[in-house]
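Notes for the one structure printed next.
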Amino acid sequence: MASRDRIAVTRRQMLGGLAFAGAAGAGAAVIGGAAHARTARDDDDIASNSAVPFYGSHQAGIATPVQERLAFGAFDVLPGSSRADVVGLLKEWTSAAARLTQGKELGTNDVPVAPPDDTGEALGLPPSSLTITFGFGPTFFDGGGDRFGVASRRPAALADLPHFDGDALDPARSGGDIGVQVCADDAQVAYHALRNLTRIGRGVVGLRWMQEGFGRTASTSGAQSTPRNLMGFKDGTNNVHGDDAALMRAQVWVPHTDKPSWMRKGSYLVVRRIRMRIEVWDRSALDDQEKTIGRHKDSGAALGERHEHDPVDLHAKHGGEPVVPLDAHIRLAAPVTNHGHHLLRRGFSFTDGVDPATAALDAGLFFLAYQRDPRKQFVPIQHRLAANDALNEYIQHVASAQFAIPPGAQRGGWIGETLFA
């Protein structure tokens, strides 16, 4: 079926329905984060009018300076969809993403008797540094058999994540055949992009779950200040910066020496929804909070230091005891204690109302970490944290996913082209 014809079918299917109606899984409701969106379009606080190029050797949204808002969607390919259907969708998504990231409208929207090609809520808004990043989950390759003829091309680095101590994962909010990370400096711009990609995909993929985020919890550029997470601490002081070319090559990008070849210049993404026990944390003494993290709350400096970026001395002692406790989060997560392995973190805070079962806030960290090989980076680091981190008293991992992030598309090409070549 020609792509334009398939879009027309998709539009007819949408008559009488909402953009996300009928999507698979518990997370299929209409995106709720429009509550975060601005209603006045002349706000002075829109962070960025800039457009980030979509095409390139690497996908944008990894090394790109992290934005302020997130809309993440995990999709499952619907039963009966063929390899040709999936390839056709990836081509359509590529074309749409290239327009959306430049602040352009989708389609002409000039047919009165048909639904518009663009839902319209971002009309008149600047691009707001919008990036759209695509990836393939483990089930894309072998979920339900070799559906698309790519099972043999599943990367070894995309091995299923093991169970970690303390995990309480919700299957309905975990996994997914295809992951789409949408980031922008305006919540409505991010919402609009994910909504329209979902509309375009209708009939081939269904939204399995989604998560909105606000307030970046890391910096991915030396020009960005360190933000604070919902616990009130500066987060990501020693994060990998996308402009550190040597560290990106060593820790984030898949090099030409790694297999499979279709992943070269790509990366791997680990996603974790981490619930914070906010009420318990808020009742904890400042001294306990600082020892749990290993940093001073006000300055962000490591315990025993004065300034945020002072080198952390993990050997320092006071009164015979380590200044930075043995179970402090920064000690256990530090590259020096993890064989030099780093993660490029692009996490966001989230709040999804109140948990009806406990009457506690459903809030925390939506953890996004890019790396060259999760087996050597995230997995051993998380095993160490899960077994020993003092922070475990206040957090719990409640959802999980991972995706192989292919290289960027060139003009005239499409995302995932190297996989299907």
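The structure displayed is predicted, hence computed values, not measured ones.
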Polar contact flag, side-chain donor to acceptor under 3.5 angstrom, [X]-[Y]:
X      : Y      : answer
Thr292 : Glu393 : no
Thr217 : Ser349 : no
Glu308 : Thr237 : yes

Exercise. Relative to the ring of His58, is the ring of Trp253 parallel (under 30°), tilted (30 to 60°) or perpendicular (over 60°)?
Worked result: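 It falls in the parallel class, under 30°.
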Exercise. Do the ring planes of Phe140 and Phe136 sit parallel (below 30°), tilted (30 to 60°) or perpendicular (above 60°)?
Worked result: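 If you compare the ring of Phe140 with that of Phe136, the planes turn out tilted.
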Salt bridge or not between [X] and [Y]? Use side-chain N to carboxylate O under 4.0 Å.
X      : Y      : answer
Asp362 : Arg275 : yes
Lys291 : Asp287 : yes
Asp352 : Arg273 : yes
Asp186 : Arg69  : no
Arg216 : Glu68  : yes

Output the distance between atom [atom1] ([X]) and atom [atom2] ([Y]), rounded to the nearest 0.5 Å.
X      : Y      : atom1 : atom2 : answer
Gln396 : Met276 : CD    : CE    : 13.5 Å
Thr64  : Leu130 : OG1   : CG    : 10.5 Å
Asp170 : Ser400 : CG    : OG    : 11.5 Å
Met231 : Ile395 : CE    : CD1   : 6.5 Å
Leu303 : Asp313 : CG    : CG    : 11.5 Å
His192 : Ser128 : NE2   : OG    : 12.0 Å

Exercise. Step by step, would you call Glu417 with Lys91 a salt bridge (Lys or Arg N to Asp or Glu O under 4.0 Å)?
Worked result: CA-CA 9 Å; Glu417 186 173 8; Lys91 291 179 179 179; over 6 Å; no
For this session: Check step by step if side-chain contact (heavy atoms from CB on, under 4.5 Å) holds for Asp258 and Arg372.
Result: CA-CA 9 Å; Asp258 284 9; Arg372 174 178 169 177; 2.9 Å; yes
Exercise. Got more than 12 heavy atoms from elsewhere within 6.0 Å of NE2, His318?
Worked result: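 Open.
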For this session: Count the heavy atoms of every other residue, nucleotide or ligand shown that sit under 6.0 Å from NZ of Lys297, and state whether that count exceeds 12.
Result: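 Yes, the 6.0 Å shell around NZ holds more than 12 heavy atoms from other groups.
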Identify the heavy atoms of [X] and [Y] that sit nearest to each other, and give their distance.
X      : Y      : result
Pro407 : Ser57  : CB-O, 3.6 Å
Arg295 : Val312 : NH2-CG2, 4.2 Å
Ser219 : Asn239 : O-ND2, 2.9 Å
Arg272 : His397 : NE-ND1, 3.0 Å
Leu230 : Phe350 : CD1-O, 3.6 Å
Leu197 : Ala96  : CD2-CB, 4.2 Å

For this session: Run the numbers on Trp209 and Phe72 for ring-ring contact (aromatic ring centres under 6.0 Å, His included), then give the verdict.
Result: CA-CA 8 Å; Trp209 58 263; Phe72 194 101; 5.6 Å; yes
Short side-chain to backbone donor-acceptor contact, [X] and [Y], under 3.5 Å:
X      : Y      : value
Arg346 : Tyr370 : no
Asn392 : Ala386 : yes
Arg331 : Thr337 : no
Ser81  : Leu78  : yes
Thr101 : Ala97  : yes

For this session: Dump the intermediate steps for side chain to side chain donor-acceptor pair (under 3.5 Å) on Ser267 and Gln371, then the final yes or no.
Result: CA-CA 6 Å; Ser267 190; Gln371 60 223 274; over 6 Å; no
Problem set entry | Criterion side-chain contact (heavy atoms from CB on, under 4.5 Å) on Gln59 and Phe134, from CA distance to verdict | CA-CA 8 Å; Gln59 289 197 60; Phe134 299 92; 3.9 Å; yes
For this session: Check side-chain hydrogen bond (donor to acceptor under 3.5 Å, both in side chains) between Asp288 and all other residues, then give those that pass, not counting sequence neighbours.
Result: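 Testing Asp288 for side-chain hydrogen bond (donor to acceptor under 3.5 Å, both in side chains), a comparison that skips the adjacent residues, returns Tyr394.
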Problem set entry | Residue of the set Asp85, Asp142, Asp177, Asp76 for which salt bridge (charged side-chain N to carboxylate O under 4.0 Å, His left out) holds with Arg147 |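 Testing each of Asp85, Asp142, Asp177, Asp76 against Arg147, the sole residue satisfying salt bridge (charged side-chain N to carboxylate O under 4.0 Å, His left out) is Asp177.
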